[in-house]
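This is a predicted model, so every value here is computed, not measured.
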Amino acid sequence: MIRAVPGTGAAPQWHTHELGFQLVYVLRGWVTFTYEDIGEVTFRPGDSVLQPPLVRHVEVAHSEDLELLEIASPADFPTRTVDPPGSP
């Protein structure tokens with residue numbers, strides 16, 4: 001379970017996750033991500049996303065009341081900072 005910290009916005013940084021499975025399900029509030037392959041997407045309560053392994057993405061913004069459930073395998077996985085798509 002991930003909850004927004006009130007008063008703390010997104011810290012946009014392009015990154016990837018080294019894992020085999022990652023499902024994000026929004027319980028409350030909203031969150032906006034940008035994905036390298038489809039662009040910007042906003043998720044609201046009841047929305048979910050199955051993020052492919054190693055997909056480059058960045059959290060753009062989220063609501064103060066964001067709560068989401070993240071299911072990942074393995075549970076402990078490395079996150080790597082990457083250059084934005086199109087960077088030299």
Practice item. Please report the C-alpha distance between Arg28 and Leu66 in whole Å, then the side-chain angles of each, then the deciding distance to 0.1 Å, and finally whether the side-chain contact (heavy atoms from CB on, under 4.5 Å) criterion is met. Key: CA-CA 5 Å; Arg28 183 178 186 177; Leu66 175 65; over 6 Å; no
**Study point:** Smallest separation among heavy atoms of Gly29 and Ser63, with atom names
**Key:** CA-OG, 3.2 Å
Going hydrophobic residue to hydrophobic residue with side-chain gaps under 4.5 angstrom, can you get from [X] over to [Y]?
X: Leu19; Y: Val49; value: no
X: Val26; Y: Ile38; value: yes
X: Val41; Y: Val31; value: yes
X: Ile2; Y: Leu69; value: no

Return the [atom1] to [atom2] distance between [X] and [Y], rounded to the nearest 0.5 Å.
X: Ile71; Y: Leu50; atom1: CD1; atom2: CG; value: 10.5 Å
X: Trp14; Y: Thr34; atom1: CH2; atom2: OG1; value: 5.5 Å
X: Phe33; Y: His62; atom1: CZ; atom2: NE2; value: 10.0 Å
X: Thr8; Y: Glu64; atom1: OG1; atom2: CD; value: 7.5 Å
X: Asp83; Y: Glu36; atom1: CG; atom2: CD; value: 12.0 Å
X: Trp30; Y: Thr42; atom1: CH2; atom2: OG1; value: 7.0 Å

Can you give the donor-acceptor pairs under 3.5 Å from side chains of residues 73-82 to other protein atoms, not counting sequence neighbours?
residue : atom : partner : partner atom : Å
Thr79   : OG1  : His17   : ND1          : 2.9
Arg80   : NE   : Glu18   : OE2          : 2.8

I'd like to check [X] versus [Y] (side-chain heavy atoms, cut-off strictly below 4.5 Å). Are they in contact?
X: Met1; Y: Glu67; value: yes
X: Pro53; Y: Gln22; value: no
X: Thr16; Y: Val55; value: no
X: Pro12; Y: Val60; value: no

**Study point:** Side chain His15, main chain Val58, donor-acceptor under 3.5 Å
**Key:** no
Practice item. Could you verify whether a donor N or O on one side chain and an acceptor N or O on the other, from Gln51 and Tyr35, lie under 3.5 Å apart? Key: yes
Exercise for review: Could I get the full list of ring-ring contact (aromatic ring centres under 6.0 Å, His included) partners for Phe43, not counting sequence neighbours?
Suggested key: none
